[in-house]
2 protein chains.
Amino acid sequence: MAVKRKTRQRDAIFGAIRGADGPLSVAEIHELAGRAIPGLGIATVYRNVRSLRDEGAITAVELPGEDPRYEPSGRGHHHHFRCTDCERTFDLEGCPVGVERGATLPGGYRVDGHSLTFYGSCEDCNRV
Amino acid sequence: MAVKRKTRQRDAIFGAIRGADGPLSVAEIHELAGRAIPGLGIATVYRNVRSLRDEGAITAVELPGEDPRYEPSGRGHHHHFRCTDCERTFDLEGCPVGVERGATLPGGYRVDGHSLTFYGSCEDCNRV
DNA sequence: GTAGATGCAAACGCTTTGCCGCTTA
DNA sequence: TAAGCGGCAAAGCGTTTGCATCTAC
């Protein structure tokens with residue numbers, strides 16, 4: 001099978017994702033990695049994001065009404081905060097949802113997991 | 001400004017949304033309303049969904065990683081359950097998130113609202 | 001030297017828009 | 001009868017794919 005090669009583009013893309021304080025969209029990754037690699041093609045970003053995800057190096061984060069974002073794998077169970085002013089997305093710690101896996105909700109719904117996103121304004125935007 | 005007219009298409013579209021037990025996607029609305037109105041154009045669904053939303057008759061429901069869905073307005077604060085088997089989405093009652101509007105999370109994030117989605121299998125799919 | 005990776009452009013799939021005949025009021 | 005509405009097809013837009021070239025190994 002195909003042997004993965006180490007390229008400047010791939011490094012820049014993974015580096016951008018690892019260096020962020022929240023999950024990034026493809027456009028954001030392209031923007032950030034493009035600073036190190038001028039002329040970086042958007043198709044290259046899509047391809048590398050996909051292969052990094054397939055390898056398990058990064059994880060897709062789906063937020064309501066938004067394009068998928070990506071963050072390094074292994075951050076454990078956590079949720080996100082979306083600033084409706086600056087449109088940035090941040091990681092949160094802890095989980096205020098007291099529904100365990102395997103629980104059954106009224107209506108007979110058996111729960112395997114959940115996704116929670118908070119909306120509001122971040123510290124930077126509050127300050128103004 | 002434009003005076004809204006009552007048409008068969010519009011009735012069928014709104015009727016499909018009101019008759020469902022959870023929010024519907026545009027494709028689902030087209031499918032359901034199309035049974036009453038053969039030849040119903042997808043553009044007509046998009047246009048009516050948009051105008052119903054603009055009027056406030058229906059509300060957009062954004063779930064992680066999915067196309068927007070629509071439900072009648074006025075159902076109050078609630079969340080959704082997504083069956084990963086049959087891919088249907090259901091309304092839930094109540095809210096297990098003990099974070100009020102106006103609260104501030106660690107990191108200085110001021111909360112205006114939140115979105116919670118549970119994943120798992122619904123009663124029908126559990127039974128099998 | 002060779003298989004895999006990149007960049008460009010074309011192809012795609014879904015949503016929106018333009019156009020014009022149809023329908024509601 | 002007139003203006004909004006619906007259907008069709010074209011236009012947009014973000015994502016994926018094909019292809020020739022380049023590059024890591």
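Within every chain, numbering begins at 1; the chains are lettered A, B, ... in the order of the sequence lines, protein sequences first and strands thereafter. Below, all heavy atoms of this structure are taken into account, side chains as well, without hydrogens, waters or symmetry copies.
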Just how far, in rounded Å, is [atom2] of [N] from [atom1] of [X]?
| X | N | atom1 | atom2 | value |
| --- | --- | --- | --- | --- |
| A:Glu31 | D:dG14 | CD | C1' | 17 Å |
| A:Ile29 | D:dG14 | CD1 | C1' | 15 Å |
| B:Gln9 | D:dG4 | CD | P | 17 Å |
| A:Asp54 | C:dA5 | CG | P | 12 Å |
| B:Asp11 | D:dG6 | CG | P | 10 Å |
| A:Leu40 | C:dT6 | CG | C1' | 9 Å |
| B:Ile37 | D:dG7 | CD1 | P | 8 Å |
| A:Leu52 | C:dA5 | CG | C1' | 13 Å |

Will you find, in the side chains of A:Ser121 and A:Asn126, an N or O donor that is under 3.5 Å from an N or O acceptor?
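Yes, a side-chain donor-acceptor pair sits under 3.5 Å.
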Among side-chain atoms of B:Arg10 and B:Thr44, is any donor-acceptor pair under 3.5 angstrom?
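Result is no, nothing qualifies.
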Once ring-ring contact (aromatic ring centres under 6.0 Å, His included) is applied, what residue pairs with a partner in residues 81-104 of chain B remain, sequence neighbours excluded?
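Residue pairs passing ring-ring contact (aromatic ring centres under 6.0 Å, His included), neighbours aside: A:Tyr109-B:Phe81, A:Tyr109-B:Phe90.
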For A:Leu63, what are the other residues in its hydrophobic cluster, where any two members join if their side-chain heavy atoms are less than 4.5 angstrom apart?
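Members besides A:Leu63, by chain and number: A:Val61.
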Listed partners of A:Thr117 passing side chain to side chain donor-acceptor pair (under 3.5 Å), at least two apart
none
Thinking salt bridges, do B:Glu28 and B:Arg35 make one under a 4.0 Å N-O criterion?
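No salt bridge links B:Glu28 with B:Arg35.
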Any ion pair linking A:Glu66 and A:Arg82 (charged N to carboxylate O, less than 4.0 Å)?
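Counted as a salt bridge, because a side-chain N and a carboxylate O are separated by less than 4.0 Å.
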Contacts table for residues 91-108 of chain B: side-chain donor-acceptor under 3.5 angstrom, sequence neighbours left out:
| residue | atom | partner | partner atom | Å |
| --- | --- | --- | --- | --- |
| B:Asp91 | OD1 | B:His80 | NE2 | 3.2 |
| B:Asp91 | OD2 | B:Arg75 | NH1 | 2.6 |
| B:Arg101 | NE | B:Asp112 | O | 2.9 |

Protein-nucleic acid N or O pairs under 3.5 Å, nucleotides 16-19 of chain D:
| residue | atom | partner | partner atom | Å |
| --- | --- | --- | --- | --- |
| D:dT16 | OP1 | A:Arg50 | NH2 | 3.4 |
| D:dG18 | O6 | A:Arg47 | NH1 | 3.3 |

Side chain B:Thr84, main chain B:Gly120, donor-acceptor under 3.5 Å:
yes
Closest nucleotide among D:dG7, D:dG6, C:dG7 to the B:Asn48 side chain
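Looking only at side-chain atoms, B:Asn48 lies closest to D:dG6.
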I'd like a table of atom pairs between the protein and nucleotides 22-25 of chain C - only N or O on both sides, under 3.5 Å - with the distance next to each one.
| residue | atom | partner | partner atom | Å |
| --- | --- | --- | --- | --- |
| C:dT23 | O2 | B:Arg5 | NH1 | 3.3 |
| C:dT24 | O2 | B:Arg5 | NH1 | 3.1 |
| C:dA25 | OP1 | B:Lys6 | N | 3.2 |

